[in-house]
Amino acid sequence: FASGDITIQTLVDELQLQAGATEEPETPNPVPEITEEVNSPKADPSFDADAAIQLHLAVPESIEAFCSHCATTSTHRLVERNRARKDEYTCTTCSERTCKCLKYSICHGAAKSNFLWDDALCTECDRQFSAVRAEHDRQTRRDYENAGDMSRTPSLEEKMLSSDIVVSLQKALEEGSAMRRKVPRPLSRISRRRANDVLEDWEVLRDALLSFPGPERADVDKYRRMCTHKVWLKRWIIGSENKPSYAMRRILVHLKWRQEYGLDTIMDEDWSAFDARKEMYVAGVDREGRPTWTWNCSVHDAGNQSPEMAARYLICTMERAWAVNPQANRVNVLCNCRNLSYSNYEHQMFLICLAILSEQYPDNLQANYMFPVSWVIHAVMAAGSHFMSQDTLSKLILASESDLESILDEHFAADQIEPQFGGSLDPAAAVKRRLLDEDPEMRRAWEEEETYAAEHVRPTRAVR
């Protein structure tokens, strides 16, 4: 099938013909008979359809293909014929296991193969596909930023652009690539600062949000205090390609989503059945004060709840971790993969969580510690890596059982590591911890950000 020599329909027609199920159709181009060399079975009640299929799908003993391992065009000799997966070949140049690329008839390439799975594409096709996908993502991003349809009711962005204040704001956000810049004089209508003040991009974004004149004014007012904090705004900017104007649009969508998803009350819901399983829970802070939560992956059972509720519990755990120290720049995740089997992996839940975390929690992850490394980890990574960005993949720290203690000791104090990982932390007490209450200086700095914004940034009359 991969080579394109025969189609499903022609194969079915010929099998039915050989089995005597149908009469030979009248056609100017009849299906050619199978030669004696192939030893085709005669039509009889004991006809073996699987054998006939194998006869038609004759696998060559060797192929000439571009090797994805050694990047040379060489001969690949057949090692094993398979039904459930691709036929296995071996490159005569590097002796690595290979298989036909899905586009072999076009590219004549050999993809990588191992004992768990076969790559779908060779490295050349994968590179081309990645480039197309990246361009599609960039175009989607551009369409999202510049969307406009004159046949409908004016959108939020169109109303924004009708305001002189926002025009000057847009200019301030987009001009220059430096992280620090002089604020143009027209922006003084938004901020009471002098025109020659130097603002960081997160401060410009804060002033823009708190002075936003669009119909989402009510959403901004509801979360006004949250929109004043540096760490929260900087995460959105970094997660939005360091573009404050793009971050602003995403935040406005996020504020609406928070209300629709019920995020403000998610920690007050009854999660007692989920908590009793001890699958996910808050687990201390690292040496930089970043909250951490643990996921005992082998406890997960898709039969206990729907994928939507499983994903919602993960988001609740994320919010519980942020409540420990909202002034931290990111959070850590400890993925305990001991006794993990492939049955614990729930792909639908994974996709739901990935969609929420990538859109609503940008740049939230500091590190994801996965241990111990096993074949299941590699299989799960192979299934899910195509859906994750390179930035997320770069934050994965894979550790063996023997290296785990030294890696955790490097980033965590002993009293912030659970006993199962060699420490003395009590997870029941960790979830109740509030660093803002423990550190007066941290609390003062947190409140000063809110006070300054309240005194210096006044709301602009909403555009109707």
Side-chain angles (χ1 to χ4, degrees), residues 137 140-149 152-163 165-166 169-170 173 190 201-202 204-241 243-269 307-309 311-323 326 331 351-364 449-450 453-454 457-464:
D137 292 343
T140 302
R141 185 69 47 84
R142 288 193 293 266
D143 293 343
Y144 179 76
E145 291 183 340
N146 303 317
D149 184 0
R152 57 175 171 74
T153 304
S155 66
L156 163 65
E157 295 179 9
E158 293 165 351
K159 291 182 178 180
M160 286 175 58
L161 294 176
S162 65
S163 168
I165 295 177
V166 179
L169 168 63
Q170 191 75 6
L173 290 173
I190 291 180
D201 52 2
W202 74 268
V204 176
L205 177 58
R206 176 200 61 195
D207 293 0
L209 281 169
L210 300 183
S211 305
F212 182 68
E216 282 75 8
R217 166 85 266 147
D219 298 332
V220 175
D221 289 340
K222 180 178 178 66
Y223 298 101
R224 191 173 183 83
R225 293 176 60 185
M226 184 172 64
C227 294
T228 64
H229 295 297
K230 177 179 180 179
V231 291
W232 189 79
L233 294 170
K234 285 185 71 69
R235 284 198 297 270
W236 279 101
I237 293 174
I238 295 173
S240 302
E241 302 176 355
K243 296 179 179 179
S245 57
Y246 178 43
M248 180 174 176
R249 291 178 174 87
R250 293 185 67 188
I251 289 175
L252 292 176
V253 174
H254 171 76
L255 299 182
K256 182 70 67 178
W257 172 83
R258 290 185 69 95
Q259 300 170 72
E260 295 174 350
Y261 196 71
L263 194 63
D264 299 327
T265 58
I266 194 170
M267 291 191 294
D268 299 328
E269 298 174 15
E308 292 78 12
M309 286 304 297
R312 187 170 178 81
Y313 183 60
L314 185 145
I315 299 302
C316 175
T317 306
M318 189 82 162
E319 289 294 312
R320 287 174 173 175
W322 275 120
V331 298
L351 294 179
I352 295 173
C353 292
L354 187 64
I356 294 177
L357 295 175
S358 61
E359 289 299 321
Q360 311 301 338
Y361 291 86
D363 197 49
N364 273 229
E449 291 179 346
E450 299 177 358
V457 187
R458 302 296 183 185
T460 302
R461 183 174 59 86
V463 175
R464 300 298 180 185

Mind checking the [atom1]-[atom2] spacing from [X] to [Y]? Nearest 0.5 Å is all I need.
| X | Y | atom1 | atom2 | result |
| --- | --- | --- | --- | --- |
| Leu314 | Leu357 | CG | CG | 6.0 Å |
| Asn364 | Trp322 | CG | CH2 | 5.0 Å |
| Ile315 | Tyr261 | CD1 | OH | 5.5 Å |
| Ile251 | Phe212 | CD1 | CZ | 11.5 Å |
| Trp202 | Lys234 | CH2 | NZ | 8.5 Å |
| Cys227 | Leu209 | SG | CG | 5.0 Å |

(message) Once ring pair (Phe, Tyr, Trp, His ring centres under 6.0 Å) is applied, do any residues pair with Tyr361, and if so which ones, sequence neighbours excluded?
(response)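 Tyr361 satisfies ring pair (Phe, Tyr, Trp, His ring centres under 6.0 Å) with no residue once adjacent residues are dropped.
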(message) Taking ring pair (Phe, Tyr, Trp, His ring centres under 6.0 Å) as the definition, give me every residue that meets it alongside His254, ordered by chain and number, with sequence neighbours left out.
(response)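 For His254 the ring pair (Phe, Tyr, Trp, His ring centres under 6.0 Å) partners, ignoring immediate neighbours, are Trp236, Trp257.
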Is a donor on one side and an acceptor on the other found under 3.5 Å between the side chain of [X] and the backbone of [Y]?
| X | Y | value |
| --- | --- | --- |
| Asp268 | Ile266 | no |
| Arg206 | His229 | no |
| Ser240 | Ile237 | no |

Could you tell me which non-hydrogen atom of [X] sits nearest to which non-hydrogen atom of [Y], and how far apart they are?
| X | Y | result |
| --- | --- | --- |
| Ile352 | Ala311 | CG2-CB, 3.6 Å |
| Met267 | Ala323 | CE-CB, 4.4 Å |
| Gly239 | Asp363 | N-CB, 4.1 Å |
| Pro326 | Val231 | O-CG2, 3.7 Å |

(message) As a quick check of understanding, evaluate side chain to side chain contact (heavy atoms under 4.5 Å, CB included) for Leu233 and Glu449, giving each step before the final call.
(response) CA-CA 12 Å; Leu233 294 170; Glu449 291 179 346; over 6 Å; no
Sequence neighbours left out, what passes side-chain hydrogen bond (donor to acceptor under 3.5 Å, both in side chains) with [X]? Give chain and number order.
| X | result |
| --- | --- |
| Asp219 | Lys256, Gln259 |
| Glu269 | Arg312 |
| Trp232 | none |

(request) Before giving the answer on side chain to side chain contact (heavy atoms under 4.5 Å, CB included), spell out for Leu255 and Met226 the whole-Å C-alpha distance, their side-chain angles and the decisive distance to 0.1 Å. (result) CA-CA 10 Å; Leu255 299 182; Met226 184 172 64; 3.8 Å; yes
(request) Go through the structure and list residues passing salt bridge (charged side-chain N to carboxylate O under 4.0 Å, His left out) with Glu450, not counting sequence neighbours. (result)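 Per chain and number, Glu450 pairs via salt bridge (charged side-chain N to carboxylate O under 4.0 Å, His left out) with Arg225.
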Side chain proximity check, [X] to [Y], heavy atoms < 4.5 angstrom:
| X | Y | answer |
| --- | --- | --- |
| Asp264 | Lys222 | yes |
| Glu359 | Arg250 | yes |
| Ile238 | Pro362 | no |

